[in-house]
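Worksheet: one structure, shown below.
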Amino acid sequence: MSTDPISTASPAESQPNANTRKVFIKTYGCQMNVYDSIRMGDALASEGYAPTEEMEEADLILLNTCHIREKAADKVYSALGRLRDMKKARTAQGQELMIGVAGCVAQAEGEEILRREPSVDVVIGPQTYHRLPAALRRAREGDRVVDTDYAVEDKFEHLPMAEKAQVRARGVSAFLTVQEGCDKFCTFCVVPYTRGSEVSRPLRQILDEAQRLVDSGVREVTLLGQNVNAWRATGPDGREWGLGDLLYRLAEIPGLARLRYTTSHPRDMDDRLIQAHRDLRTLMPYLHLPVQSGSDRILRAMNRRHTAEEYLRLIARIRSVKPDMAMSGDFIVGFPGETDADFEDTLQIVEAVNYAQAFSFKYSTRPGTPGADLPDQIPEEVKAERLERLQSLLLKQQAAFAKSCVGKVIDLLLEKPGRMPGQIIGRSPWLQSVNVDAKPSQIGDIIPVRIIGTGPNSLFAEPVGP
Ligand code: SAH
Ligand code: SF4
Ligand code: F3S
């Protein structure tokens with residue numbers, strides 16, 4: 001491990017923790033932030049920062065933030081308010097506490113964060129994480145650093161990977177970002193502004209990382225992207241490859257037992273990808289395919305660029321090759337101009353699809369997006385009432401899906417110790433948490449189990465077979 005030259009230069013700084021600074025990373029938002037936090041942690045480890053789960057003992061607190069809804073962004077400022085007091089107390093004791101803001105709020109608000117929060121030392125956007133160690137060094141010299149450029153160089157190429165042992169300690173299921181950014185410009189959404197335009201990671205980099213994960217004991221890889229199925233690269237055969245081709249290639253890696261991907265846009269579900277679901281046993285039968293609304297009028301206003309009918313036809317095609325595909329989705333209620341009839345269309349599309357899992361939100365007006373300027377913003381109480389109706393329908397479907405699994409024998413990937421001694425928690429092919437009696441030494445195995453019951457957020461199973 002290399003250490004920060006600034007911290008070791010002066011004897012006055014040789015407190016017990018001078019060489020082993022600790023970093024606490026708090027992650028908000030989507031899986032891509034979860035992945036980025038891991039990569040930032042790895043980059044900081046090679047700068048001499050050990051990770052800690054205790055905020056109190058950290059020398060550096062990094063908030064990896066989300067800007068998707070107003071509430072998400074507000075959380076960051078209230079967290080920073082609390083950190084300000086913590087930093088004051090530390091400074092009074094002559095101790096250091098550095099505060100960094102990363103992620104989508106950093107990208108969206110940049111300098112503004114420094115103005116609003118004097119305790120923040122570093123603001124770093126999602127495309128410049130490879131420059132975080134350098135930014136921290138500058139901050140330790142007394143600068144307040146904002147780095148939110150869209151870097152020309154590829155951050156992942158410059159971010160170190162963790163040691164195998166560390167990867168192993170993180171478990172048997174891992175994320176792997178293959179695509180970032182978004183060119184879709186849905187009128188409600190900040191992502192095209194916070195993450196920039198669509199960029200695909202090169203094939204070689206993805207294959208190397210997947211192989212490394214597998215070599216470290218990972219059995220399941222979830223490919224990530226804001227629009228993961230917009231991933232493109234030139235394949236070794238000189239053809240343009242899409243996500244389907246990538247999945248076929250990844251399925252050849254021995255030991256990589258399960259593949260997943262998220263999040264997909266309906267317009268980018270091409271034939272090859274659907275074919276992959278038909279052909280690849282390792283590609284799990286679970287698809288997160290947000291539709292947002294069931295009303296064509298609202299879909300148009302959202303700039304989703306497909307109709308409700310097209311979405312339903314797409315799902316029918318997917319189910320024709322993969323009948324047991326579990327569908328998941330995202331919904332927004334109360335988009336500007338949404339009438340009762342539009343909302344009824346949303347309930348109807350939910351009825352038609354029958355979701356195994358879903359996420360639903362009240363429309364949140366985001367500054368800088370076209371939706372913010374639309375007339376007919378919907379009153380909060382109407383949004384709340386619609387959300388409640390939608391969620392109760394979705395919950396009913398979710399419970400029915402869980403119930404329909406009872407009695408089935410399924411493959412379970414054993415992931416981690418359960419709450420009860422003697423139990424292990426695993427994942428079903430449909431992403432459900434399942435509790436089963438098993439030994440810790442079996443973690444990483446895929447075993448056949450029979451589902452025998454359902455709980456509020458998980459299923460119960462018994463092992464079958466010899
Ligand atoms: N790229 C994905 C979604 C990324 S954001 C897609 O196209 O589906 C995750 C979810 O947050 C979205 O699907 C949407 O349901 C929700 N969301 C995004 N912006 C929102 C806003 N302004 N208000 C409420 N929900 C929002
Ligand atoms: Fe946002 Fe739409 Fe892009 Fe998804 S596709 S990230 S909802 S702009
Ligand atoms: Fe949030 Fe940024 Fe992800 S806004 S949802 S953290 S891409």
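Both counts, for ligands and for their atoms, begin at 1 and track the order of listing. Everything numeric in this text was worked out from a predicted model, so none of it was measured. We're numbering straight along the sequence, starting at 1.
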Protein heavy-atom partner closest to atom 5 (S) of ligand 1 - residue, atom, separation in Å: I68 CD1, 3.5 Å
Ligand-residue contact atoms, ligand 2 with F188, heavy atoms, under 4.0 Å: 7 (S)
Numbered atoms and elements of ligand 1 in range of T263, under 4.0 angstrom, heavy atoms: 2 (C), 8 (O)
Residue selection (non-hydrogen contact nearest atom 7 (S) of ligand 3) among Q226, M32, E180: Q226
Presence of N, O or S from C182 under 2.8 Å of atom 2 (Fe) of ligand 2: no
Where ligand 2 meets K184 - atom numbers and elements under 4.0 angstrom, heavy-atom basis: 3 (Fe), 5 (S)
Parallel, tilted or perpendicular: ring planes of F359 versus H288, cut at 30 and 60 degrees: perpendicular
Residue and atom name of the nearest protein heavy atom (relative to atom 23 (N) of ligand 1), distance in Å to one decimal: S364 N, 2.9 Å
Close approach, V191 and ligand 1, non-hydrogen under 4.0 angstrom: no
Which residue and heavy atom of the protein sit nearest atom 25 (N) of ligand 1, plus the separation: R69 NH1, 3.4 Å
Close-contact set for ligand 3 against C30 heavy atoms, below 4.0 Å: 3 (Fe), 5 (S), 6 (S), 7 (S)
For P290, atoms of ligand 1 separated by under 4.0 Å from a heavy atom: 8 (O)
Side chain, backbone, both or neither: the part of F361 lying under 4.0 Å from ligand 1 by heavy atom: side chain
Proximal atoms of ligand 3 relative to N33 (non-hydrogen, under 4.0 Å): 6 (S)
Distance-only polar pair, side chains of Q179 and Y261, donor-acceptor under 3.5 Å: no
Member of R204, Q211, Q205 meeting the side-chain hydrogen bond (donor to acceptor under 3.5 Å, both in side chains) criterion with D208: R204
Atoms in ligand 1 with a heavy atom of Q226 nearer than 4.0 Å: 1 (N), 2 (C)
Proximity to ligand 2 by part of V190, non-hydrogen separation under 4.0 Å: neither
Option set F359, Y363, F188, F335, criterion heavy-atom distance to atom 19 (N) of ligand 1, minimum: F188
Side chain, backbone, both or neither: M32 near ligand 1, heavy atoms under 4.0 Å: neither
C186: numbered ligand 2 atoms lying under 4.0 Å from its heavy atoms: 2 (Fe), 5 (S), 7 (S), 8 (S)
SB check E209 R212 (cutoff 4.0 Å): no
Of the listed options R195, Q292, K71, closest to atom 14 (C) of ligand 1 (non-hydrogen atoms): Q292
Nearest-option assignment for atom 7 (O) of ligand 1, heavy atoms, candidates K383, R304, R366: R304
For F185, atoms of ligand 2 separated by under 4.0 Å from a heavy atom: 8 (S)
Ligand 3 atoms in contact with C104 (distance to a heavy atom under 4.0 Å): 2 (Fe), 4 (S), 6 (S), 7 (S)
Where ligand 1 meets K362 - atom numbers and elements under 4.0 angstrom, heavy-atom basis: 23 (N), 24 (C)
Sub-4.0 Å heavy-atom contact, K184 with ligand 1: no
Under 4.0 Å to a heavy atom of H265 - the qualifying atoms of ligand 2, by number: 5 (S)
Protein residue, atom and distance nearest to atom 1 (Fe) of ligand 3, heavy-atom basis: C66 SG, 2.4 Å
Top protein contact for atom 10 (C) of ligand 1, by heavy-atom distance: D330 OD2, 3.4 Å
Any R195 heavy atom less than 4.0 Å from ligand 2: no
